[in-house]
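The structure appears below as structure tokens.
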There are 2 protein chains.
Amino acid sequence: MASTARIVAMTIQKRRERERAERERLIVRVARELAEAEGWDSVTTRRLAAEVEYSQPVLYSHFKGKDAIMAAVAVQGCEELAAELRKARTSAGSPRQALAAVGEAYTAFGRRRPALYDAMFTHAVDLPFATPEAPAALHEAFGELAKAVEPVAAEGDEPELLTETYWAGLHGLVTLMRSGRLPEGGHERRLALLIGHFVPAGMG
Amino acid sequence: MASTARIVAMTIQKRRERERAERERLIVRVARELAEAEGWDSVTTRRLAAEVEYSQPVLYSHFKGKDAIMAAVAVQGCEELAAELRKARTSAGSPRQALAAVGEAYTAFGRRRPALYDAMFTHAVDLPFATPEAPAALHEAFGELAKAVEPVAAEGDEPELLTETYWAGLHGLVTLMRSGRLPEGGHERRLALLIGHFVPAGMG
DNA sequence: TCTTGTCGCTAGCGCCGCTAGCGAATCGAG
DNA sequence: CTCGATTCGCTAGCGGCGCTAGCGACAAGA
């Protein structure tokens, strides 16, 4: 009897943990949907709690604070970005085309999913970046960039630094455009200029 | 007598306007100092009002809101950035050196004056950017970049777009580094890579 | 059955940006 | 010189923010 009770208790506990994990995923999903629909300013802890139909303190039993929720959304974004970069890179014919494809995919992602992009690359400094502890999805996304950059690296260029530099160029284009500091028109030509200057003459 | 009274009234009014303008400058100066010392999060309307020794509503008689105060600080920042870019550009010996000098001056500015940089290029979308109505100081700063970029533009490169692209690269380097997404070490080499890729082979 | 512990709730703290509306000081006319 | 009109900075407060203390209901184990 005692053993039966213990087993039942254990399965009950498992169900609890399952439900709890599900609720956590719900919070992240709703936070993301809300942010994408109305912007991060609309994602307040009160509003988010109301949308998931729990009280505010429940959020804090899952996450340390609002920034941690944004960080969770950012990790999701990294996964999607990595997938899109990979797809762009692997379906390109030449190194130059691959570099252009990931550049276009990156900036397209930033424009199509601004809330996700902000969580990943402008807000939320909580999650580590340039260290091994950074989320795997982030390494994966950066790795896609790196794999596209390395083939066009010149003699003596350190590939990692060159990738970071290319990333910075793409990031600058996305953020300056999205904040209205660069006109939307001309984006393709700016991107082409950036890419062109990263490819050695006569390559591609 | 009536005319004397009117004249006196006018000079009194002038003094008033002078004092009012002085108070406005005080607000902007204190806002900037506070932001540079403790970050923009510490620049609340209550705190700022206390520092200038007036009540909160006084701020709103000068500025539409907090964003407008940040915008005023941003304009100051543009003036300083423009001056530093000009100095860097004019004291360089060759087109390549000029491009490198403004790039270094730009990123150095972003790192040395993070609060100012944020007001100018990451927050405060209030002030117009890519239009003629943009503040003169902003045009001036961009013009300095343009004057450094144009000499190295290749045949067929649209100079304005190329300048924007170079700016985006610099901006990306500054923001990704300052938010901890790029390691501080390696900045000089990344900057050198960016500059090197913007200069046609065999130039400078 | 009763104790113990878990869990989500209500309520509230100290902030924020911003504003309504009052009272004192000043101005212009008689 | 007096007195209504106007200017101007103040106190006080609104609604909302991130976050948390602490209570009550409910479930688990003796």
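A note on names: the letters A, B, ... follow the listed sequences, proteins ahead of strands, and every chain is numbered from 1.
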Under 4.0 Å: is that the gap between some side-chain N or O of [X] and OP1 or OP2 of [N]?
| X | N | value |
| --- | --- | --- |
| Thr45(A) | dC19(D) | no |
| Ser55(A) | dG8(C) | no |
| Arg16(A) | dA28(D) | yes |

Whole angstrom value for the distance that separates [atom2] of [N] from [atom1] of [X]:
| X | N | atom1 | atom2 | result |
| --- | --- | --- | --- | --- |
| Gln56(B) | dG13(D) | CD | C1' | 11 Å |
| Phe63(B) | dG17(C) | CZ | C1' | 16 Å |
| Tyr54(A) | dG8(C) | OH | C1' | 9 Å |
| Arg46(B) | dC15(C) | CZ | C1' | 7 Å |
| Met70(B) | dC18(C) | CE | P | 12 Å |
| His62(A) | dC19(D) | NE2 | C1' | 16 Å |
| Arg47(A) | dC19(D) | CZ | P | 18 Å |
| Tyr60(A) | dC17(D) | OH | C1' | 9 Å |

- Task: Apply the ring-ring contact (aromatic ring centres under 6.0 Å, His included) test between His171(B) and each candidate in Tyr166(B), Tyr117(B), Phe142(B); give the one that qualifies.
- Result: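 The passing option is Tyr117(B).
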- Message: By nearest heavy atom, map Pro57(A) and Asp41(A) onto DNA chain D; which one lands nearer the 5' end?
- Response: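 It is Asp41(A) whose nearest nucleotide is closer to the 5' end.
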- Is it true that Glu51(B) and Arg46(B) make a salt bridge, defined as a side-chain N closer than 4.0 Å to a carboxylate O? no
- Message: Can you give me the closest heavy-atom contact between Gly169(B) and Ala168(A), atom names plus distance?
- Response: O-CB, 4.1 Å
- Task: Inspect the surroundings of CD in Glu19(B) and state if more than 12 heavy atoms from other residues, nucleotides or ligands are less than 6.0 Å away.
- Result: yes
